[in-house]
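Residue numbers start at 1 and run along the sequence shown.
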Amino acid sequence: VSVPDERLDKLAEMYNPDKFTPATLEFVDIAGLVKGASKGEGLGNKFLGDIREVDAIVHVVRCFEDIDIIHVDGEINPARDIETINLELILADLESVNKRYARVEKIARTAKDKDAVAEFNVLKKLKPVLEDGKSARTIDFDEDETKVLKSLFLLTSKPVLYVANVSEDEVGEPDNIEYVKQIREFAATENAEVAVISARVEEEISELEDDEKAEFLEAIGLKESGVDMLTRAAYHLLGLATYFTAGEKEVRAWTFKRGMKAPQMAGIIHTDFEKGFIRAVTM
């Protein structure tokens, strides 16, 4: 998916380049999770394996009533749906932590291995929190502990964006939707982010021309499509940002991690640019 950016569009207007290259994000559509997945129910381990491969989780939660679309649990309850998914991910993580705990503890205590001690200290922090039904995201780790945490590839340590899928009639006023309030309250406890879209509206938008799209969005009280908003929110969630190069041959967006220095950012284009870095000209 291309990351929408008005600055890039403006540069394209200025330079009229032969080539136009926006930043992109890859979304992986993973089949829904059912209760008991950590024990192999439904797609079970395949689902959990797919999630281990991604950098962040976009969790779409149903927040609309429709008698023609059956809910697996028979009623609409976003808080319960989030809890079902989270619990399965927590149980999968707890199993991973328990497997490593005894082995790493032995090495840390007997061999006095520095890396094993560091890992064991992180595992000691994780185990009681996961046993309490909370995700790894709720724990504060320092810089060294965060490096260890990444090596454990836990599902609940990944950043999460909750997407409230609301009805077409309500998408223009999300602050008034009780279901959305519930999701926002929960997300605040996990330092997670929330976006509100209507899949039905997105389906309609996808079939319109650009000028019709703008009119349609304005008519229902939106400034941009949910897909654009979701893409930007995911980009921000991953700690990504963009810089640009512009000329007649190409106008291009380059993706970097927030906090990188200019020489490192130049190295994204070519390693020689980082080695022989002189300056960055900004405007």
Side-chain angles (χ1 to χ4, degrees), residues 1-3 22-62 72 81-101 103-104 115 119 122-123 126-127 129-130 133-139 141 143 145-163 165 187 190-195 197 199 226-242 253-260 268:
V1 177
S2 296
V3 179
T24 59
L25 272 183
E26 183 179 357
F27 287 87
V28 182
D29 184 16
I30 298 172
L33 185 61
V34 297
K35 199 176 286 184
S38 57
K39 296 184 178 68
E41 297 287 329
L43 289 175
N45 294 331
K46 180 176 188 321
F47 173 93
L48 298 171
D50 286 341
I51 287 194
R52 286 192 205 283
E53 301 297 317
V54 301
D55 298 311
I57 297 169
V58 176
H59 182 172
V60 183
V61 188
R62 178 172 171 178
V72 68
D81 293 346
I82 288 172
E83 192 178 324
T84 298
I85 301 284
N86 281 357
L87 186 58
E88 293 304 324
L89 302 183
I90 287 165
L91 289 171
D93 279 353
L94 186 57
E95 188 180 351
S96 298
V97 167
N98 284 337
K99 278 180 184 173
R100 295 185 72 91
Y101 194 91
R103 186 169 61 82
V104 175
D115 292 337
E119 184 176 340
V122 170
L123 292 171
L126 282 164
K127 190 171 158 66
V129 173
L130 294 171
K134 294 176 183 169
S135 68
R137 283 186 300 279
T138 61
I139 308 172
F141 292 103
E143 196 176 331
E145 289 173 330
T146 300
K147 287 176 186 172
V148 174
L149 183 69
K150 283 181 180 173
S151 71
L152 298 175
F153 298 104
L154 297 182
L155 301 168
T156 65
S157 66
K158 295 179 185 292
V160 170
L161 172 66
Y162 291 106
V163 176
N165 182 16
E190 286 198 328
N191 296 322
E193 297 190 29
V194 179
I197 69 166
V227 168
D228 284 355
M229 183 179 62
L230 176 58
T231 305
R232 244 202 301 276
Y235 204 66
H236 181 261
L237 183 73
L238 292 168
L240 302 176
T242 310
W254 300 86
T255 300
F256 68 93
K257 273 274 188 190
R258 289 181 187 278
M260 284 175 76
I268 293 169

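Residues Glu190 and Tyr162 have side chains that bring a donor and an acceptor to within less than 3.5 angstrom of each other.
The CG atom of Asn86 lies 13.0 Å from the NZ atom of Lys134; values are rounded to the nearest 0.5 Å. The line from CG of Leu126 to CG of Leu94 is 10.0 Å long, rounded to the nearest 0.5 Å. Rounded to the nearest 0.5 Å, atoms NZ (Lys150) and NZ (Lys158) are 11.0 Å apart. For the atom pair Leu25 CG and Arg232 CZ, the distance stands at 11.5 Å (nearest 0.5 Å). From Asp93, atom CG reaches atom OG of Ser157 across 7.0 Å, with rounding to the nearest 0.5 Å. Atoms CG and CG, from Leu130 and Asn98 in turn, are 8.5 Å apart once rounded to the nearest 0.5 Å.
Between Ile51 and Ile30, the closest side-chain pair of non-hydrogen atoms falls below 4.5 Å. Contact check for Asp81 versus His59: no side-chain heavy atoms found under the 4.5 Å cut-off. Side-chain contact check for Asp115 versus Val148: every heavy-atom pair is 4.5 Å or farther apart. For the pair Leu240 and Phe256, the minimum side-chain heavy-atom distance is 4.5 Å or more. A heavy-atom distance below 4.5 Å is not found between the side chains of Val1 and Thr24. No side-chain heavy atom of Leu161 sits under 4.5 Å from any side-chain heavy atom of Ile57. Here the side chains of Arg100 and Leu123 are in contact, with some heavy-atom distance below 4.5 Å. Using a 4.5 Å heavy-atom cutoff, the side chains of Arg258 and His236 are in contact.
Nearest heavy atom pair, residue Ala136 against residue Thr156, reads N-OG1, 3.0 Å. Pairing each heavy atom of Met229 with each of Ala195, the nearest pair is CE-CB, 4.4 Å. Nearest heavy-atom pair, Ser2 versus Pro22, reported as atom, atom and distance to 0.1 Å: OG-CG, 3.6 Å. Nearest heavy atoms, Ala56 versus Leu237: CB-CD2, 3.8 Å. When all heavy atoms of Ala199 and Asn165 are compared, the pair lying nearest together is N-OD1, 2.9 Å.
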Check: Where do Val97 and Leu154 land on the side-chain contact (heavy atoms from CB on, under 4.5 Å) test, with the steps shown first?
Finding: CA-CA 9 Å; Val97 167; Leu154 297 182; 4.2 Å; yes

Next item on the list: Check the pair Val28 / Glu53 against side-chain contact (heavy atoms from CB on, under 4.5 Å), numbers first and verdict last.
Entry: CA-CA 10 Å; Val28 182; Glu53 301 297 317; over 6 Å; no

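Not counting sequence neighbours, Tyr235 has no partner by the ring pair (Phe, Tyr, Trp, His ring centres under 6.0 Å) test.
Side-chain N or O atoms of Lys257 include one that pairs as donor or acceptor with a backbone N or O of Leu238 at under 3.5 Å.
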